Structures are given as structure tokens and as C-alpha cells.
Amino acid sequence: MKTRRAVGVILLAAAAASLSSCAAMSVKPWDRDLLAQPKMRFQPLPMVHAVDNHIYFSKEGSMGGDDVSGGGCGCN
Amino acid sequence: MQLSEPTTAAAADTRVARRLRTAAAVLFASLPAIARAADSGTASDAPANQLDFSGLLYGEASRVAVIEPIAKLTHRFANGQSLSGQLGIDGITGASPTGALPSGKVTTVTSASGNVTTSAADQIPTTKFNDIRASFDADYAVPVGTLFKSTLGGHFSREKDYQSTGANAQFALDVLQRLSTITVGGGFNHDTSFPTGGTHAPFTDGTTVLTTDPQGKDVTTWMVGLSRVVTRRLLVGANVSGTNEKGYLTEPYKVLSVVDTDGYPVSTLTEKRPDTRTRKSVLGSAVYHLADDVLYLSYRRYWDDWDIRSHTIDVRYRHELGADTWWEPHVRYYAQSEARFHTWGFAQGAALPQYATSDYRLGKLNTLTLGLMYGFHLLDYPGTFTIRGEYMSQFGETHPEGAVGVQKSYSLMPGLSIGSLTAGYSIGW
């Protein structure tokens with residue numbers, strides 16, 4: 001229960017900060033040259049990321065976090 | 001792209017870079033002519049076609065080896081929609097722990113498929129296996145207007161004793177002057193397990209076949225995400241996701257040892273896991289653009305109703321060398337608690353619990369990953385190349401509480417060292 005409550009508080013705080021961020025409003029479309037670069041994605045190389053996730057899934061007890069695609073495997 | 005001139009440090013890397021380029025030229029010389037003839041492309045160029053290729057060599061010390069080539073082809077239509085197909089092949093061979101304890105004497109294990117493995121007295125017993133897994137994934141992305149995008153996906157994979165079929169959908173909406181993106185997604189997989197020799201009855205010696213019918217497992221996944229531009233250089237995101245699994249979740253080839261009062265194994269029993277599992281996780285991510293370099297940070301908190309809790313921290317740093325060439329060190333640390341029914345084994349005569357497993361992946365476990373990627377372009381070849389080497393070290397509870405007799409002197413979870421080499425190539429035209 002403590003974990004769930006902590007996660008809820010973190011998410012609410014993150015959502016509130018995200019939606020009300022004044023700093024972000026100052027990032028105009030013509031200031032997004034850096035953000036537009038492919039390397040500014042959370043995962044610039046999705047295929048390498050998928051390979052990593054497959055390895056971690058087969059060697060650890062946890063999974064998930066950033067994707068809903070991909071299939072099961074007899075490796076775990 | 002704002003890139004500085006190569007630095008002094010970058011110049012010092014020139015010799016290594018030249019050797020890597022030479023190696024890559026040999027490695028990729030057999031690529032299709034269409035790829036070599038085509039021009040380089042990036043996501044911002046939005047090429048009509050894109051080919052991504054990845055090859056993985058993976059090896060565990062004295063255990064499993066894997067070779068995995070993957071190819072993905074994406075076509076973008078004039079109306080903004082895109083269709084992609086991905087084909088992957090895994091060739092797997094080696095030895096995997098059975099879940100049994102060190103015997104104190106030389107042990108011979110015969111797998112259901114007839115493979116025979118011999119283990120030394122203080123070694124964790126393993127059994128040899130080999131398999132080939134083929135997988136196909138397809139994605140169809142449909143933008144609606146300039147702010148909304150939907151992606152539909154499908155998956156099919158097949159190996160000797162396992163099959164997985166699934167579909168997923170993901171929707172993304174840009175809001176607040178396109179400074180925030182809300183993502184909602186869901187997926188469903190129906191997996192089937194058909195172990196060699198049939199499915200054995202739980203908590204038996206492995207000779208009692210429960211059924212030869214395939215065992216099903218349904219997996220439902222959901223995710224809600226929010227990403228946000230904070231400054232001109234900083235992007236942050238948070239995802240909440242969950243997975244519900246229902247069906248046959250037991251590992252059909254794993255066993256547990258039963259030991260006498262001195263700790264010597266007298267028999268093995270097949271394991272048994274619950275037939276449902278609910279997983280949840282929260283992921284926080286950040287990408288920060290320095291003068292030229294980029295820092296990637298993420299933290300994941302995971303928990304499930306098997307009582308596994310885990311923390312994962314992942315850090316990557318892309319150091320630009322100029323001309324679309326970069327080094328990228330990678331550090332990842334993972335720590336998990338054990339499932340409530342994970343145990344070292346059974347004492348002879350003790351009452352059996354409702355569920356039990358000795359699979360080390362459900363025990364107390366840590367993983368440290370160190371990696372280094374080199375990304376570059378070749379003068380006479382379009383597209384982007386990457387080569388990455390990684391080292392993983394897994395370590396856990398070597399002397400668990402409750403171990404009996406001679407087992408106290410053995411390491412019941414010896415550390416595992418893993419090495420991998422990944423080569424990637426992307427091209428648009």
C-alpha cells in the first residue's frame with residue numbers, strides 16, 4: 001500500500017508539474033531545433049532497445065515499462 | 001544539427017575509429033545493392049523507406065549462447081501513414097540450470113528430449129538444450145491531423161515448444177502547443193506452451209505426464225504515458241504500465257531438490273507456480289542535450305503479486321565526435337527481491353507448499369550491465385552503423401537462509417557473466 005501511495009503521489013506531482021510548467025511554455029516552435037533531432041528521443045535506436053528488453057526479460061523477474069508490443073517467449 | 005568540431009580527445013580516438021570502420025565495412029559489405037545505392041536518411045528527413053538491421057551475438061559463461069539477426073522494413077506513404085514488418089531469428093544453444101541443488105557427487109541429468117549433462121559435485125546442475133525461434137512483427141501507424149497518431153501492431157513467434165500470437169494498439173495525442181504528449185496503449189497475447197514429452201504433474205518426479213495437450217497463457221498489457229518538453233534542451237516522461245497474465249505460468253523443465261538431514265539431494269520434484277500474475281511498473285525518463293552530447297536517464301520501479309519488487313536505473317551518455325560519429329557508454333543496475341514462493345529446495349519429509357520454484361530468476365537477484373556503443377557513417381556507404389559490446393554480471397543470494405547441511409557450504413546462486421555484441425545498421429531512401 002505504501003508503494004502504491006508513493007507512486008500515486010509521484011505521478012500526480014509529475015502530471016501537475018508537466019501540465020503547469022511555465023518554463024516549457026517558453027520553448028517556442030523555432031527553439032526546438034535540438035529537440036527535433038532523432039537522438040533526442042527516449043530510445044533513439046528502438047531495435048537495439050527491443051533486443052535489450054528481450055535479454056532482460058529472459059534473465060530477470062521483471063518486465064515492462066515503456067511498451068505494449070512484442071510477444072512472449074519460452075525463455076521465461 | 002549543431003555539432004562542434006572534433007575535440008582533441010576525439011582525435012585521440014581516430015585509430016580505434018578507423019579499425020572499427022574497417023571491420024564494419026567487411027561486416028556489411030554483403031548488404032543489398034539497394035541499400036548501398038540509397039541515400040542516407042534520418043527521422044527528420046522522413047524517407048519513404050527505411051531498413052533497420054540488427055545482429056546479436058550473446059554468450060553466458062559455460063551456459064547459453066544466442067545468435068539473433070533481425071531485419072525491419074518500414075514504408076511511409078504519401079498521406080503520412082506507415083507500414084512496417086520485422087523478421088527475427090533466434091538460434092539458441094547451451095545449458096540452463098535445472099533448479100536442482102549441488103549433489104555433493106558427480107550428477108548426470110537427462111532432459112526430456114534426451115540430452116545428457118554431467119555436473120561436478122559442487123556445481124549447480126544444468127541441462128543442455130537448443131532451439132530456434134522465429135518471430136514476425138508488423139506495425140501500421142495512422143496519423144489523424146497533426147496532433148493525433150494511432151499505431152496498430154501484431155506479433156507472431158514460434159519455437160520448438162512455445163508459440164506466441166498477439167496484437168496491440170497505441171494512441172498518442174500532442175497537447176499544450178505540442179509541448180506534451182499523452183500516450184495510451186494496450187495489448188493482448190495468447191501464448192501456448194507444448195513441452196517436449198508433455199506437461200508433467202507439479203511436485204512429481206517428472207515421470208508423471210499431466211497432459212500432452214498444449215498449455216495456454218493469456219497476457220493483457222496496458223500503458224499510460226506522459227512526456228513533456230521542459231526546456232529547449234530537456235525532455236522528460238513518465239509511464240505507468242501493467243500486465244495481467246493468466247494460464248500456465250509454470251516453467252515446465254525446472255525442478256526442486258529434496259534433501260536429507262545432511263543436505264544431500266535424494267530426489268527432485270517438478271515446480272509449480274500460480275496460474276495468475278499481475279505486474280505493474282512506473283518508469284521515469286529524461287533526455288538532456290548538453291552543448292553537443294546527450295544524457296539519457298531512466299528509473300523504473302516494478303512490483304507484482306508474486307511479491308517481486310525491483311529497481312532499475314539506466315544511464316547512457318552519447319559523446320559526439322563530429323560528423324555523425326559518437327561513443328555511447330551505458331550503465332544499468334537492476335535489483336529485485338524474491339518471489340514469495342521461491343525456495344532453495346525441500347527438506348525430506350517436510351509438507352509441500354502450495355507453490356514453489358528454485359528458478360534463480362525469481363530469487364533475490366542483481367544485474368550490473370556495462371556497455372559501450374560506437375556509432376558512425378562510412379564514407380562509401382550510406383546509412384548509420386552501430387557496434388556495441390556489453391558485459392552483464394548477475395549475482396544473488398549465494399547462501400540462502402534455511403539451507404541444510406552440506407548445502408550451506410555451496411554457492412547456491414553462483415554469479416553469472418554474460419557478454420554480448422550487437423551490430424546495427426539503419427538506412428532511409
Side-chain angles (χ1 to χ4, degrees), chain A residues 3-4 6-8 10-15 17-52 54-76, chain B residues 1 42-44 52 54 56 70 72 135 153 155 157 159 161-162 164 166 168 170 179-180 185-187 189 191 193 219 221 223 226 228-233 235 237-241 243 279 281-283 285 287 289 294 300-303 308 310 318 334 336 361-362 365 367 386 394 422 424:
Chain A
T3 302
R4 291 182 183 181
V7 167
I10 291 170
L11 287 177
L12 279 175
S18 172
L19 293 175
S20 64
S21 172
C22 295
M25 290 304 181
S26 66
V27 183
K28 300 299 184 188
W30 52 86
D31 286 331
R32 298 180 195 175
D33 54 333
L34 301 179
L35 293 162
Q37 295 172 7
K39 66 180 180 181
M40 283 300 287
R41 298 169 185 161
F42 292 116
Q43 298 297 340
L45 300 170
M47 188 173 285
V48 173
H49 181 57
V51 168
D52 286 347
H54 195 177
I55 292 173
Y56 299 138
F57 168 71
S58 69
K59 302 304 297 179
E60 297 169 345
S62 308
M63 63 173 281
D66 62 355
D67 203 0
V68 293
S69 63
C73 170
C75 55
N76 195 348
Chain B
M1 185 179 291
T42 65
S44 57
D52 297 295
S54 170
L56 168 72
I70 304 173
K72 180 178 183 179
S135 64
H155 167 85
S157 65
E159 51 202 285
D161 54 5
Y162 201 89
S164 178
N168 60 79
Q170 193 159 300
L179 291 166
S180 290
N189 263 60
D191 294 3
S193 174
V219 182
T221 304
M223 185 191 76
L226 178 66
R228 176 67 166 167
V229 172
V230 180
T231 70
R232 180 169 171 262
R233 297 178 179 276
L235 175 67
N239 288 347
V240 183
S241 63
T243 300
R279 308 170 185 253
S281 67
V282 176
L283 173 72
S285 306
V287 184
H289 197 299
V294 178
R300 182 186 69 182
R301 175 63 170 158
Y302 166 97
W303 65 100
I308 288 183
S310 72
R318 174 168 164 151
Y334 171 85
Q336 77 175 40
R361 297 170 298 182
L362 295 180
L365 179 66
T367 307
T386 58
Q394 288 199 295
T422 309

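The figures here come from the full heavy-atom set of this structure, side chains too, leaving out hydrogens, waters and symmetry mates. Letters A, B, ... are given to chains in the order of the sequence lines, protein chains preceding strands, and every chain is numbered from 1. Here the structure is a predicted model, which is why all the values come from computation and not from measurement.
- Between the side chains of B:Y334 and A:S62, at least one donor-acceptor pair of N or O atoms lies under 3.5 Å.
- Applying the side-chain contact (heavy atoms from CB on, under 4.5 Å) rule to B:T221 yields the partners A:V68, B:V219, B:T243; only residues at least two apart in sequence or on another chain are considered.
- Of the atoms belonging to B:S54, heavy atoms from both backbone and side chain fall under 4.5 Å from chain A.
- In this structure, the separation between CZ on A:F42 and CG on B:L283 is 8.5 Å, given to the nearest 0.5 Å.
- We find the CG-CE distance between B:L56 and A:M47 to be 12.0 Å, quoted to the nearest 0.5 Å.
- The closest donor-acceptor contact from the side chain of B:R361 to the backbone of A:F57 lies at 3.5 Å or more, if one exists at all.
- Heavy atoms of B:L235 lying under 4.5 Å from chain A belong to its backbone as well as its side chain.
- With a 4.5 Å cut-off on non-hydrogen atoms, A:P44 touches chain B through its side chain but not through its backbone.
- Here the closest heavy-atom approach between residue B:S281 and residue A:G64 is recorded as OG-C, 4.0 Å.
- Contacts of B:S285 with chain A are made by both backbone and side-chain atoms, with heavy-atom separations under 4.5 Å.
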- prompt: Between A:M40 and B:V294, does a side chain to side chain contact (heavy atoms under 4.5 Å, CB included) hold up when you go through it step by step?
  reply: CA-CA 8 Å; A:M40 283 300 287; B:V294 178; 4.0 Å; yes
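- Heavy atoms closer than 4.5 Å to chain A are found in both the backbone and the side chain of B:I70.
- Using a 4.5 Å heavy-atom threshold, the side chains of B:H289 and A:L35 count as separate.
- For the pair A:G72 and B:S164, the tightest heavy-atom approach, listed with the atom from each and the gap, is N-OG, 2.9 Å.
- Side-chain contact between B:M223 and A:D67: absent, with no pair of heavy atoms (C-beta onward) separated by less than 4.5 Å.
- Using a 4.5 Å cut-off between heavy atoms, B:D161 does not touch chain A at all.
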query: For B:S310 and A:E60, what are the C-alpha separation, side-chain angles and deciding distance, and is it a side-chain hydrogen bond (donor to acceptor under 3.5 Å, both in side chains)?
result: CA-CA 10 Å; B:S310 72; A:E60 297 169 345; over 6 Å; no
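- A:K59 is not listed as a side-chain neighbour of B:T367, based on a closest heavy-atom distance of 4.5 Å or more.
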